[in-house]
Amino acid sequence: MSYDPSNVFARILRGEIPAPLLHEDDRCVAFRDVNPQAPLHALVIPKQALRGLVDAGPEDEATLGHLLLVGRNLAAKLGYPDARYVINHGAGAGQTVFHLHVHVLAGRPLAWPPG
Ligand code: 5GP
């Protein structure tokens with residue numbers, strides 16, 4: 001399926017929906033989830049228009065790694081040594097916004113497996 005540029009994260013990237021940024025660099029931004037599931041619930045998203053993980057190719061390897069390192073650094077900077085990093089891919093796996101994103105969850109005990 002093709003990338004829909006009207007998704008909310010594309011709109012955040014264009015500044016059409018406000019989202020105070022926790023981090024920004026040339027490849028990604030991070031901001032807090034509007035419906036947090038933990039004391040820290042951040043989303044790290046690439047600036048690149050990628051619908052989901054399956055749409056990333058070998059040329060996106062560095063970007064994918066970068067999202068994880070930015071998420072990890074953010075959790076550490078905000079004082080959370082333990083954190084969970086989640087990518088939901090596809091509606092059946094819980095993806096609701098079709099712009100690739102890494103959830104960073106921390107600050108409470110996190111059960112396994114997730115629901
Ligand atoms: P998904 O379910 O696709 O893995 O995650 C999408 C996340 O985006 C959800 O946790 C949802 O709460 C969050 N979200 C949806 N719309 C907005 C928004 O307008 N602003 C922010 N900051 N988060 C949003």
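Order of listing sets the numbers, starting from 1, for every ligand and every atom in it. This is a predicted model, so every value here is computed, not measured. Heavy atoms only: backbone and side chains are in, while hydrogens, waters and symmetry mates are out. Along the sequence shown, the residues carry numbers beginning at 1.
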**Q** If we only consider heavy atoms of Ala19, is any one of them less than 4.0 Å away from an atom in ligand 1?
**A**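 No, that is not the case, since the closest heavy atom of the residue is not under 4.0 Å from the ligand.
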**Q** Does Val8, backbone or side chain, put an N or O under 3.5 Å from an N or O of ligand 1?
**A**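 In fact, backbone or side chain, Val8 has no N or O that close.
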**Q** I need the atoms of ligand 1 closer than 4.0 Å to a non-hydrogen atom of Asn35, numbered in the order shown.
**A**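 With Asn35 as reference, the close atoms of ligand 1 come out as 12 (O).
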**Q** To the nearest 0.5 angstrom, please state how far the CZ atom of Arg84 sits from the CG atom of Asp82.
**A**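 Interatomic distance, Arg84 CZ to Asp82 CG, rounded to 0.5 Å: 11.0 Å.
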**Q** Out of curiosity, Thr96 OG1 to Asn7 CG, how far, rounded to the nearest 0.5 Å?
**A**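 Between atom OG1 of Thr96 and atom CG of Asn7 there are 10.0 Å.
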**Q** Applying the side-chain contact (heavy atoms from CB on, under 4.5 Å) test to Gln48, which of Leu13, Asp55, Asp60 qualifies?
**A**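 Filter result, single survivor: Asp60.
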**Q** Enumerate the atoms of ligand 1 whose separation from the nearest heavy atom of Phe31 is less than 4.0 angstrom.
**A**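 Listed by number with element: 22 (N).
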**Q** May I ask you to check if ligand 1 and Val97 share an N or O to N or O distance below 3.5 Å?
**A**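 In this structure, Val97 places an N or O atom under 3.5 Å from an N or O of ligand 1.
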**Q** Side chain or backbone of Ile12 under 4.0 Å from ligand 1, or both, or neither, by non-hydrogen atoms?
**A**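 Only the side chain of Ile12 comes within reach of ligand 1.
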**Q** Atom 2 (O) of ligand 1: which protein heavy atom is closest, and how many Å away?
**A**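 Minimum-distance protein heavy atom for atom 2 (O) of ligand 1 reads Gly94 O, 2.7 Å.
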**Q** Please indicate whether Asp4 has more than 12 foreign heavy atoms, meaning atoms of other residues, nucleotides or ligands, lying under 6.0 Å from its CG.
**A**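 Buried by this count: over 12 neighbours within 6.0 Å.
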**Q** Determine, stepwise, if the pair Leu100 / Leu67 fulfils side-chain contact (heavy atoms from CB on, under 4.5 Å).
**A** CA-CA 10 Å; Leu100 177 65; Leu67 300 180; 4.1 Å; yes
**Q** Would you check whether Gln95 has a nitrogen or oxygen atom less than 3.5 angstrom from a nitrogen or oxygen atom of ligand 1?
**A**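 In fact, backbone or side chain, Gln95 has no N or O that close.
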**Q** Within less than 4.0 angstrom of ligand 1, does His103 place any heavy atom?
**A**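 Flag set, His103 near ligand 1.
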**Q** Do me a favour and list the nearest non-hydrogen protein atom to atom 7 (C) of ligand 1 with residue, atom name and distance?
**A**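 Atom 7 (C) of ligand 1 sits closest to the protein heavy atom Asp33 OD2, 3.4 Å.
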**Q** Taking the inter-plane angle between the rings of His41 and His103 on a 0 to 90° scale, is it parallel (under 30°), tilted (30 to 60°) or perpendicular (over 60°)?
**A**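 Ring orientation, 0 to 90° scale: tilted.
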**Q** Between Leu43, Thr96, Val34, which one has a non-hydrogen atom sitting closest to atom 20 (N) of ligand 1?
**A**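 Result: the heavy atom closest to atom 20 (N) of ligand 1 is in Val34.
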**Q** Check the pair Phe31, His23 against ring pair (Phe, Tyr, Trp, His ring centres under 6.0 Å), reporting the backbone distance first and the verdict last.
**A** CA-CA 7 Å; Phe31 48 87; His23 172 90; over 10 Å; no
**Q** If you count heavy atoms of other groups shown closer than 6.0 angstrom to CD of Glu59, is the number above 12?
**A**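 More than 12 heavy atoms, drawn from other residues, nucleotides or ligands, come within 6.0 Å of this atom.
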**Q** Apply side-chain contact (heavy atoms from CB on, under 4.5 Å) to the pair His99 and Ile12, showing each step before the final yes or no.
**A** CA-CA 11 Å; His99 179 110; Ile12 286 172; over 6 Å; no
**Q** Between ligand 1 and Phe98, can you find any atom pair, the residue atom being a heavy atom, that is separated by under 4.0 Å?
**A**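 No.
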**Q** Checking a contact table here: which protein heavy atom is nearest atom 22 (N) of ligand 1, and how many Å away?
**A**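 Ranking protein heavy atoms by distance from atom 22 (N) of ligand 1, first comes Arg32 O, 2.8 Å.
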**Q** At what distance is the nearest protein heavy atom to atom 1 (P) of ligand 1, and which residue and atom is it?
**A**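 Answer for atom 1 (P) of ligand 1: His101 NE2, 3.1 Å.
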**Q** Looking only at heavy atoms, what is the nearest atom pair of Tyr85 and Arg72, with distance?
**A**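 Answer, listing the atom of Tyr85 first, then Arg72: OH-CA, 3.3 Å.
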**Q** Checking a contact table here: which protein heavy atom is nearest atom 8 (O) of ligand 1, and how many Å away?
**A**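 So the nearest neighbour among protein heavy atoms is Phe9 CZ, 3.3 Å.
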